[in-house]
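Just below is one structure, and these are the notes that go with it.
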Amino acid sequence: MPCGAARASLAYHNSSVSPGAGSSRSVARIFFPLRLLHVVGARPNFPKLAPVLRAGRRVGVEQVVVHTGQHYDALLSGSFFDDLGIAPPDHNLEVGSGSHAVQTARIMERFEPVVLRDKPDWVLVVGDVNSTIACALVCVKLGIKVAHVEAGLRSRDRTMPEEINRLLTDQIADLLFTPSPDADENLMAEGIPRERIRFVGNVMIDSLQKNLAAARKLPTQEQLGLTGVDYALLTLHRPSNVDMRESFERILGALEAIATKLPIVFPVHPRTRKTIAELGLSERVDAIKQLRTIDPLGYLDFLNLSSNARLVLTDSGGIQEETTALGIPCLTLRENTERPITVEMGTNVIVGTDTAKIIAAANTALNGPAKKAARQPPLWDGQTSERILDALEEFDGAPSSR
Ligand code: UD1
């Protein structure tokens, strides 16, 4: 079915959207009925789902949400649906934890009958988690069109499970929605045809812009005794940092020094909580006086803390982007990033996990001048979800697998 056949008018017509082009959209849009199936599975997926769902609802797109259940804790999943104003998913595949092979296989097995029954025009997968590649692979084998949101990002570190998920998903998806020009270049260097790539901007920023004012009104800082206090915010969950004693201890060494200067708030990911205990590091963590370990936060509470932090230390991908959008200094505790635009144009500094280097970078950020965002990356303007819908409507090609 050529989805764009009966479209009356669209504000955007092709992939070559110029920076800032989304800000003045006012053209009424009438869509040909489009049936869209969204796949989400893990925490970072939810803020990418919410704005597309909302934009689709506004123009009458029929939408179904499948949660694979990769993340099942209320703190990593349910609270995000509440915070982001998303209705509970239509299907939950309840795959839970497991090895990468088990988790990926279980998702594929349980997703196939759902997508066969639902018969969507498009399946939308987001980010780089196991749910992303698992569902994309199911679709491509069935000849169902699949689009990847946040395509083209590359850390060039194939020890990261997320890098493998990104590379493979981009090879098989029919449409690739990129958040930054470097992602387009990566895809073309890998031989992906230009006509499958759409530079649409960063959909996470749609969520951030929509929710920032509400997040700032929450009493999160007050509840943590941080009102009027300079504090740092820390997140850690990458296997390369928290599953290995050497790297975790190097990071702890730096935190011991930084916590003498200002309190550090640390919402602890379940993976990290588990490995702190397994590696016998609980006493060392507890002994850091100004390190406040707390449960993982919901989307809005986290945004409240990140938008007011003096400094953010993280190994997350999405937080590198959010701090750039917020203008908050960010130290990335990894050797590489798949989001180089946050370094080139934003507030992000890649510091790795060497104790002395982290301390030096924190001192520079705290004693100033901290790295400032030169300007916002192009198309991080809150209109990405609408550009995604336009591109789905316009695409009238057959699935690349047919
Ligand atoms: C996953 C994603 C990662 C993303 C991160 C955000 C992959 C390969 N990784 O990593 O890209 O940045 O989510 O959080 O898809 N656990 C719970 N409760 C949950 C989920 C997990 O306790 O709801 C525990 C389990 O013990 C599990 C461990 O955390 O074994 C790791 O979870 P997993 O989904 O494998 O990967 P994450 O580290 O969360």
Side-chain angles (χ1 to χ4, degrees), residues 39-49 66-84 89 92-108 110-111 125-137 148-151 153-155 157-170 204 207 234-244 247-248 266-279 293 295-299 301-302 306 312 314-322 332-334 336-339 342:
V39 172
V40 284
R43 182 169 64 174
N45 297 161
F46 309 132
K48 294 167 198 161
L49 162 71
V66 177
H67 188 334
T68 64
Q70 182 178 340
H71 280 176
Y72 43 91
D73 279 4
L75 293 174
L76 293 192
S77 177
S79 70
F80 275 67
F81 278 72
D82 296 342
D83 275 9
L84 292 160
N92 193 322
L93 307 181
E94 295 180 351
V95 298
S97 299
S99 69
H100 284 278
V102 166
Q103 196 175 55
T104 309
R106 239 187 243 155
I107 296 168
M108 290 181 70
R110 295 186 191 180
F111 180 64
V125 296
V126 297
D128 55 19
V129 301
N130 288 338
S131 304
T132 313
I133 175 63
C135 295
L137 193 48
H148 183 205
V149 176
E150 200 187 86
L153 298 183
R154 298 288 181 267
S155 66
D157 174 0
R158 292 198 178 197
T159 64
M160 291 178 74
E162 295 83 358
E163 182 74 354
I164 304 301
N165 293 342
R166 288 189 280 257
L167 277 161
L168 297 181
T169 304
D170 288 342
M204 287 276 281
S207 266
L234 166 73
T235 79
L236 281 178
H237 76 276
R238 291 273 159 232
S240 59
N241 281 342
V242 302
D243 291 4
M244 277 145 57
S247 50
F248 208 155
F266 181 19
V268 187
H269 189 285
R271 167 190 281 281
T272 311
R273 193 168 288 284
K274 206 161 77 176
T275 61
I276 288 174
E278 282 168 4
L279 298 173
T293 57
D295 280 337
L297 293 167
Y299 179 77
D301 282 317
F302 190 85
S306 61
V312 171
T314 192
D315 60 8
S316 147
I319 295 169
Q320 296 172 51
E321 298 177 337
E322 288 168 342
T332 293
L333 308 181
R334 286 169 45 188
N336 51 54
T337 180
E338 61 287 332
R339 292 160 161 92
T342 61

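Every number for a ligand or one of its atoms is a count from 1 in the order of the listing.
- Expressed to the nearest 0.5 Å, how far OH of Tyr299 lies from CG of Asp82 amounts to 15.0 Å.
- Listed by number with element, the atoms of ligand 1 under 4.0 angstrom from any heavy atom of His269 are 14 (O), 37 (P), 38 (O), 39 (O).
- The aromatic rings of Phe46 and Phe80 lie tilted to each other, with the angle between the two planes from 30° to 60°.
- Listed by atom number, the atoms of ligand 1 under 4.0 Å from Lys274 heavy atoms are 26 (O), 30 (O).
- The nearest protein atom to atom 20 (C) of ligand 1, hydrogens excluded, is given as His71 CD2, 3.2 Å; this is a heavy-atom distance.
- For ligand 1, the polar-atom distance check against Asn165 finds no nitrogen or oxygen pair separated by under 3.5 Å.
- We find the CD-OG1 distance between Glu94 and Thr68 to be 10.5 Å, quoted to the nearest 0.5 Å.
- The protein heavy-atom contact nearest to atom 16 (N) of ligand 1 is Tyr72 OH, 3.6 Å.
- Ligand-side atoms of ligand 1 in range of Asp128: 11 (O), range being under 4.0 angstrom from any heavy atom.
- Using a 3.5 Å distance cut-off with no hydrogens or angles, the side chains of Glu322 and Ser306 do not pair a donor with an acceptor.
- Between Arg43, Glu163, His237, Met160, it is His237 that holds the heavy atom closest to atom 5 (C) of ligand 1.
- Ligand 1 has no nitrogen or oxygen under 3.5 angstrom from a nitrogen or oxygen of His100.
- Distance from atom 15 (O) of ligand 1 to its nearest protein heavy atom, with residue and atom name: Gln70 NE2, 2.7 Å.
- At the top of the distance list for atom 22 (O) of ligand 1, counting protein heavy atoms only, stands Pro270 CB, 3.2 Å.
- In terms of protein heavy-atom proximity, atom 2 (C) of ligand 1 is closest to Val129 CG1, 3.6 Å.
- Counting all heavy atoms, side chain and backbone alike, Asp157 lies closest to Glu163 at O-CB, 3.3 Å.
- Taking a cut-off of under 4.0 Å to the non-hydrogen atoms of Glu162, the atoms of ligand 1 that pass are 3 (C), 9 (N), 11 (O).
- Scanning all protein heavy atoms for the shortest distance to atom 27 (C) of ligand 1 gives Ser97 OG, 3.4 Å.
- Residue Pro44 approaches ligand 1 through these ligand atoms, each under 4.0 Å from one of its heavy atoms: 4 (C), 6 (C).
- Of all heavy-atom pairs between Pro47 and Ser207, the closest is O-OG, 2.7 Å.
- A distance-only check finds a donor-acceptor pair linking the side chain of His148 to the backbone of Gly127 [under 3.5 Å].
- Note that OG of Ser79 is 10.0 Å distant from CG of Asp73, once rounded to the nearest 0.5 Å.
- The shortest contact between atom 36 (O) of ligand 1 and any protein heavy atom is with Arg271 NH2, 3.9 Å.
- For ligand 1, the atoms closer than 4.0 angstrom to any heavy atom of Leu76 are 19 (C), 20 (C), 23 (O).
- A donor-acceptor pair is defined here as one N or O able to donate and one able to accept, closer than 3.5 Å; no such pair exists between the side chain of Arg43 and the backbone of His71.
- Put simply, CG on Asp315 and OG1 on Thr272 are 7.5 Å apart, with the number rounded to the nearest 0.5 Å.
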